[in-house]
Amino acid sequence: MSETPETALRRALEMIEPEMLRESARTDGGYVELLPDVPAPNPSPASIAMNNRVVAAIYEKLWRPFGVSLMGIAGMSMSAERAKAVADLRLRGPQQVLDVACGPGNFTKFLSEALTGDGLAVGFDISEAMIARAVRDNRGPRAAYVRGDAAHLPYPDAAFDAVCCYAALYLVPEPMAVLDESIRVLRPGGRIAIMTSCQPGPAPLGSMVGFGTGLAGVRMLPKNQFTDAFAAAGMTAIEQDIRGLAQFVSATKT
Ligand SMILES: C[S@@+](CC[C@H](N)C(=O)[O-])C[C@H]1O[C@@H](n2cnc3c(N)ncnc32)[C@H](O)[C@@H]1O
């Protein structure tokens, strides 16, 4: 069967648990819409930006590179970050990958290109503006998009071979709920890779940075929060790479 963006969308729809697929779910926008008529919440300036069509349009080329430079991810281009995600997730062959909080699909499409055969990368985000951009710019024969809330993923346990969540856990009000859901939908032996903020050292620098970013709705998360959470979940092969104000953490589910 030839793979097209339409077959990828149909397969992304089929992965969703039937009871989570409301009668009102739609695909007419080129993605699976699980929250029709429910706008994304806007609890902070950063969230408001993520739901804005102009920001969605400039996110991949301007907004993210600028934000990442503020985080001091020294010398790491987005292509290097994408390659790191593929390597940390050990992506290959016909795997099913979930890209949680995918924004405009700037990683999803790239992840999908590491797959072959029945491989599929599903980009999942709550922002209509971001998902619309993802459909426009980053659909592919193995890349499709779903709009929903990552704190309540509409998938059965162990549905995915790999889960990626980059540049999002510092924005969501309940990052550990999103993390728990991401681990739940990962199959045993599968890899998870996250990129999020990392609290700088002790006061006064730590509190100054934390206060400034907190006003914008971006939280500085403790250095051990995710390594500890993965260890507590019984995960193995936990790797952490701290760069400036960012941390990359990956692990294998047992
Ligand atoms: C900064 S973007 C990250 C995009 C991409 N992963 C990257 O690394 O560039 C953060 C995304 O998180 C999404 N997001 C925030 N809360 C969410 C939630 N509860 N469920 C799904 N997506 C969420 C926002 O809509 C936004 O598109």
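For ligands, and for the atoms within them, numbers begin at 1 and follow the listed sequence.
For the side-chain hydrogen bond (donor to acceptor under 3.5 Å, both in side chains) test with T252, the passing option among E239, R191, R90 is R191; the others fail.
Contact shell of ligand 1 (protein heavy atoms, cutoff 4.0 Å): M50, Y59, R64, A101, C102, G103, N106, F107, D125, I126, S127, M130, G148, D149, A150, Y166, A167, A168, L171, V172.
Taking a cutoff of 4.0 Å between a charged side-chain nitrogen and a carboxylate oxygen, E60 and R82 qualify as a salt bridge. A salt bridge links E14 to R10: at least one charged side-chain nitrogen sits closer than 4.0 Å to a carboxylate oxygen.
Sequence neighbours left out, the pairs with a member in residues 107-117 that pass salt bridge (charged side-chain N to carboxylate O under 4.0 Å, His left out) are K109-E113. Among residue pairs with one or both ends in residues 171-185, those qualifying as side chain to side chain donor-acceptor pair (under 3.5 Å) are D157-R184, E181-R184; sequence neighbours excluded. Within the structure, every pair that satisfies the ring pair (Phe, Tyr, Trp, His ring centres under 6.0 Å) test and touches residues 162-190, not counting sequence neighbours, is listed here: F107-Y166, Y166-F248.
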